[in-house]
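Model, not experiment: these values are computed from the prediction. A note on names: the letters A, B, ... follow the listed sequences, proteins ahead of strands, and every chain is numbered from 1.
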Protein chains: 2
Amino acid sequence: MLQHQPLDLAFHALSDPTRRRMVERLTLGPASVSDLAEPLPMSMSAVVQHLKVLQDAGLVTSEKVGRVRTCRVDTHALSAAERWIAERRLAMEGRLDRLGAFLDATKPETEPRE
Amino acid sequence: MLQHQPLDLAFHALSDPTRRRMVERLTLGPASVSDLAEPLPMSMSAVVQHLKVLQDAGLVTSEKVGRVRTCRVDTHALSAAERWIAERRLAMEGRLDRLGAFLDATKPETEPRE
DNA sequence: TTGATACTTAAGTGAATGCTTCAACATCAG
DNA sequence: CTGATGTTGAAGCATTCACTTAAGTATCAA
């Protein structure tokens with residue numbers, strides 16, 4: 001991926017189970033990099049790389065104080081991803097509603113109400 | 001990716017702009033492979049490969065009649081992805097609510113109502 | 001039957017991904 | 001200062017990705 005829209009980055013970041021676990025952990029509250037790494041069966045280095053993906057996607061923010069980096073969920077990118085899906089669902093439902101209305105109007109095999 | 005959970009496949013499929021365009025097109029109604037390929041700046045072959053990713057993720061179904069394959073959105077995987085995000089958002093909001101309540105209870109710098 | 005249409009499949013290529021290890025580096029406690 | 005802690009960075013490696021081209025296979029129309 002060399003030139004991405006925000007949604008590319010967000011969905012890509014969420015496509016990895018390790019990164020989803022990290023987000024799940026962070027929804028419970030802020031955590032250090034070590035906290036995030038502790039339950040994960042991989043090196044610190046790998047966790048930091050996953051964290052970078054999450055940050056580049058705008059799903060997570062972090063700030064370093066002393067030697068500890070504290071990470072938090074950033075809801076904006078998460079909401080954007082959710083919104084894209086919801087919009088598609090609404091587009092589909094709208095279409096299905098129109099189809100339903102069409103079928104109702106066209107083929108009233110039982111008497112239509114009113 | 002060699003051993004994936006459904007969400008891995010769904011988010012991965014959605015992380016590509018071409019595949020999102022295909023889903024967007026399909027939310028407007030069923031389409032053939034050629035219909036899907038027509039606006040896209042790549043070979044049919046590439047489109048078919050994208051379609052396979054969408055189908056493996058459970059986002060799209062298709063059936064072939066004659067020489068035409070007709071594709072449709074399958075809402076189940078889409079809903080699952082949406083649900084994962086919504087759950088994280090709710091988890092966060094719940095946490096923020098509790099934090100808010102805690103702050104209200106702990107530091108009533110203005111008089112609490114009641 | 002012949003040709004055009006609508007896909008399908010295989011093989012190949014360069015770039016990106018998900019790790020690893022090893023070597024830094026900057027706090028902070030004692 | 002000295003060591004332990006918490007993180008950061010670079011390099012390397014096997015795999016997966018997003019395409020391409022080229023060669024199929026059905027199906028339908030004439």
Using a heavy-atom cut-off of 4.0 Å across all strands, would you classify B:Met42 as base, sugar-phosphate, or nothing? sugar-phosphate
Base, sugar-phosphate, or nothing: which does B:Ser32 touch, judged by heavy atoms less than 4.0 Å apart? sugar-phosphate
Think [X] has a side-chain N or O under 4.0 angstrom from the OP1 or OP2 of [N]?
X: B:Ser43; N: D:dT20; answer: yes
X: A:Arg67; N: D:dT8; answer: no
X: A:Lys52; N: D:dG9; answer: no
X: B:His12; N: D:dT16; answer: no

Considering only side-chain heavy atoms of B:Val48, which listed nucleotide, C:dT8, C:dA6, C:dC19, is closest? C:dT8
If you only use heavy atoms from C-beta on, which nucleotide in C:dC7, C:dC19, D:dA18 is closest to the side chain of B:Arg19? D:dA18
Distance, rounded to the nearest Å, where [X] contributes [atom1] and [N] contributes [atom2]:
X: B:His50; N: D:dC19; atom1: NE2; atom2: C1'; result: 7 Å
X: A:Glu38; N: D:dG6; atom1: CD; atom2: C1'; result: 15 Å
X: B:Arg69; N: D:dT25; atom1: CZ; atom2: P; result: 18 Å
X: A:Leu36; N: D:dT8; atom1: CG; atom2: P; result: 11 Å
X: A:Leu54; N: C:dT17; atom1: CG; atom2: C1'; result: 14 Å
X: A:Met44; N: C:dT20; atom1: CE; atom2: C1'; result: 15 Å
X: B:Gln49; N: C:dT9; atom1: CD; atom2: P; result: 11 Å
X: B:Glu63; N: C:dT8; atom1: CD; atom2: P; result: 13 Å

Euclidean distance, B:Arg21 CZ relative to B:Leu26 CG, rounded to 0.5 Å: 12.5 Å
Do NZ/NE/NH1/NH2 and the carboxylate oxygens of B:Glu82 and A:Arg89 come within less than 4.0 Å? yes
Salt-bridge criterion met for A:Asp16 and A:Arg20 (N-O under 4.0 Å): no
Could you check B:Val65 against A:Val33 and say which one's nearest nucleotide on DNA chain D is further toward the 5' end? A:Val33
Would you say B:Arg25's side chain and B:Asp35's backbone share a donor-acceptor pair under 3.5 angstrom? no
Side-chain donor or acceptor of B:Arg19 paired with backbone N/O of B:Ala13 under 3.5 Å: yes
If you go through the side-chain atoms of A:Ser45, does one of them form a donor-acceptor pair with the base of D:dG9 closer than 3.5 Å? yes
Using the closest heavy atom to pick a nucleotide of DNA chain C for each, name whichever of B:Leu51 or A:Gly66 lands nearer the 5' end. B:Leu51
